[in-house]
Structures are given as structure tokens and as C-alpha cells.
Amino acid sequence: MKIIIHGGFFSESDQSNEVKTAKQESLKNIAKKAFEYLQSNSAINTVAYAVSLLENDPLYNAGTGSQIQSDGVIRMSAAIMNGDTQKLSGVINIQDVKNPVLVAKELMNEDDRVLGGNGAKNYATEHGFENFSTEILQRRKEYEEKLKNGGKGTVGCVAIDKDGKLAVATSTGGKGFEIPGRISDSATVAGNYANSFCAVSCTGVGEDIVSNATAAKIVTRVTDGMTLENAFSKTFEELKAIDGFAGAIAIDKNGNMYHQDSYPTMVFANFDGENFEVFK
């Protein structure tokens, strides 16, 4: 049983030791809670739980603390994928819910498993998810500054449970000030993918991740016999060819964990029950 999480990249407002320390402590705390949860729960339930904790922390650009788009509205996306069944479900550009990842998880029970915009919000309301504003003062100030003057962030979790089953979940509040309706990688197989061999969650510039099919490539290469490290190396070399901005976390079926970013610094933590690794 192992867990690895990420909280996106440092944003414009993260350039202080205080914020760095806060994120290190937050990620360690969430990784530990998620690992404890994993002891008696499946990988799929654990990744949803871990990402919901990340969504609840305003340090990250997902759920509470999400970025504001160019029309002044917050729209969020999230997905979850079960490596055992290879079912992916997600929400795209959903508004006014506290935990998009939990709405995505609820959709796993449906035939139509990826919903966007008003359809996603209506589904959430019908299934008991209360209306909730995820805007915080800092994001409003950043938005107003961008209006005057004319981040890259996502959260994710990969887990392997006691039965060796893999799962991944990813959630984002967007890049900030984007064109309304923009769709990134988080609710696609480019940014969030798992099967019985490997599971990967990405963060960075969604367009770069989609162009490179990053998560799906890494998982496919591991499935075809590459080591996790070599699959990352080849995929990130291809990302470099388009000057892509991305980071990724992964676990393979043997419990090997790996992470890599194309530019500094992806914030991440992993925990195996005894040892922590946290970004520096």
C-alpha cells in the first residue's frame, strides 16, 4: 500500500518560504491521512478522499481556492479512474460545488460518466451536493490585478491498495483568466489515467499535457513492458520537444513510485507507511 499526491506547481503568489513550508506540511499531513484511510479502504475510494482534502485546502488551485476565469467566474474540472475496471468519470467546468472530485466519483455509477457545465452542476444538485462558493479573497485580488494589467495548478493522488489495485484522481481550478469554456487535461486520459499496470496524475499547462497525451503514454509504455522510470524519461523527452510545461506522479503494479517535472517546481509528497518524501 502506497500513496503519492501532488498540489500543482508554485504559482506567482507562492514565492515565499512561508508558503513553501505551509505546502510541505499540508502535503505531508494529507498524505499521512490518506495512507491511514487506505488501510481499510480501496484505492479508488482513497484517491477520492485524498483529492477532496486537497480541494478543501485553499493553498491549492482546486476546489476552495480555484482560479477565476476571464469573465469573473470559477469553473472547475476533476476526474477519477479505476485501474481495475478502467472506468473513468469526470466533471468539466462545474461551478459552485465544494468537491468536484466527489461529484466525479458519484458519476462512476452512471452510463454517462463525464458531464460538463450546467449538466454537471444539475447532476451534483440532484445527488445532494450543496451549493458552495470556492472563491477566496486572494484569488479575487489576483483576478482584479489581471484585469488592470491585462499559475499553473492542479491536485492529484495515485494509490495502490492492499489488493494491488491502482487508482488515480485529479482536480483543478484552471489556469486563471482563461477564456470561459476552456477545457484542460485534468478530466481527460491525457492528465489522469490508470489501468492494472500503472496509474498517473498530471499537472501543468493543460494544452501541453493534452498535446503530449502524457498520462496515457506513460501508462501504455509501462503496460508494454517499460520500467516506470524509462516510461517517464521517454514521455518527458517528447514533452521537451514541444517545450511543454508539466509534472506527473505515478505508481506501478509493483508499488514503485515516480515523479518528474519539466520545469521547477511541482509540489508533491509520498508516503509508504514509514517514510515521507516531500518536494524541496
Side-chain angles (χ1 to χ4, degrees), residues 6-9 11-13 48 51-81 88-107 110 112-147 150-156 169-192 201-211 245-246:
H6 72 72
F9 281 83
S11 68
E12 298 164 6
S13 59
V51 170
S52 73
L53 294 180
L54 288 159
E55 288 175 335
N56 292 344
D57 192 327
L59 282 169
Y60 309 107
N61 175 25
T64 300
S66 290
Q67 295 278 1
I68 301 172
Q69 297 190 350
S70 60
D71 61 349
V73 176
I74 291 173
R75 297 177 180 88
M76 302 166 288
S77 296
I80 186 168
M81 188 165 183
L88 178 143
S89 58
V91 292
I92 297 171
N93 286 332
I94 193 170
Q95 299 179 43
D96 297 320
V97 296
K98 185 176 183 181
N99 294 113
V101 72
L102 298 183
V103 184
K105 183 172 183 291
E106 186 73 22
L107 278 163
E110 307 291 346
D112 304 325
R113 292 194 296 274
V114 181
L115 298 180
N118 291 336
K121 173 59 175 172
N122 291 341
Y123 178 86
T125 301
E126 289 166 4
H127 287 78
F129 292 88
E130 296 179 357
N131 205 59
F132 184 89
S133 173
T134 56
E135 182 180 312
I136 61 172
L137 182 60
Q138 178 185 328
R139 297 299 188 217
R140 177 54 60 177
K141 287 180 177 177
E142 290 170 356
Y143 170 74
E144 289 171 354
E145 283 299 314
K146 286 175 181 174
L147 281 181
K152 301 167 183 70
T154 302
V155 300
T170 309
S171 181
T172 186
K175 67 179 183 180
F177 217 69
E178 61 265 62
I179 297 170
R182 178 238 184 202
I183 296 170
S184 70
D185 65 292
S186 296
T188 76
V189 296
N192 185 90
S201 174
C202 296
T203 182
V205 175
E207 286 76 7
D208 294 347
I209 294 166
V210 168
S211 294
F245 192 121

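- A donor-acceptor pair under 3.5 Å links the side-chain atoms of E178 to the main chain of G176, judged by distance alone.
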Could you go through residues 92-104 and list every donor-acceptor pair under 3.5 Å that involves a side-chain atom there, pairing it with any protein atom two or more places apart or in another chain?
residue : atom : partner : partner atom : Å
N93     : ND2  : G181    : O            : 3.4
N93     : ND2  : R182    : O            : 3.4
N99     : ND2  : S52     : O            : 3.3
N99     : ND2  : E55     : OE1          : 2.9
N99     : ND2  : N56     : OD1          : 3.0

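- With 3.5 Å as the limit, one finds a donor-acceptor pair spanning the side chains of T170 and S201.
- Rounded to the nearest 0.5 Å, atoms OG1 (T172) and CZ (R75) are 14.0 Å apart.
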Assess the residue pair K175 and V205 against the criterion (side chain to side chain contact (heavy atoms under 4.5 Å, CB included)); give the C-alpha distance rounded to whole Å, side-chain angles, the decisive distance to 0.1 Å, and a yes or no. CA-CA 8 Å; K175 67 179 183 180; V205 175; over 6 Å; no

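- In this structure, the side chain of R139 engages the main chain of G65 through a donor-acceptor pair within 3.5 Å.
- Considering every non-hydrogen atom in both V51 and A169, the closest pair reads CG2-O, 3.5 Å.
- Judged as a ring-ring contact (aromatic ring centres under 6.0 Å, His included), and not counting sequence neighbours, the contacts of Y123 are H127.
- Considering every non-hydrogen atom in both A48 and K105, the closest pair reads CB-CD, 3.4 Å.
- In this structure, the separation between OG1 on T203 and CG on D185 is 7.5 Å, given to the nearest 0.5 Å.
- We find that R113 and E110 are not joined by a salt bridge, their nearest charged nitrogen and carboxylate oxygen being 4.0 Å or further apart.
- Here the side chain of D208 pairs a donor or acceptor atom with the backbone of F245 at under 3.5 angstrom.
- Across all non-hydrogen atoms, the minimal contact from A187 to A79 is CA-CB, 3.5 Å.
- Taking the six-membered ring where tryptophan is involved, the planes of F177 and Y143 are tilted, since the angle between them lies from 30° to 60°.
- In terms of heavy-atom proximity, S171 sits nearest to T154 at O-CG2, 3.2 Å.
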Evaluate the side chain to side chain contact (heavy atoms under 4.5 Å, CB included) criterion for residues N192 and S186: first the C-alpha distance (whole Å), next the side-chain angles of each, then the deciding distance (0.1 Å), finally the verdict.
-> CA-CA 6 Å; N192 185 90; S186 296; over 6 Å; no

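- Taking every heavy atom of both residues into account, G72 and R140 meet most closely at O-NH2, 3.5 Å.
- Using a 4.5 Å cut-off on side-chain heavy atoms (C-beta onward), L107 and L115 make contact.
- Contact between A190 and V210 at its shortest, heavy atoms only, is CB-CA, 3.7 Å.
- Considering only residues two or more places apart in sequence or on other chains, N131 meets the side chain to side chain donor-acceptor pair (under 3.5 Å) condition with K121.
- Side chains of T64 and F132 form a contact here, defined as non-hydrogen atoms less than 4.5 Å apart.
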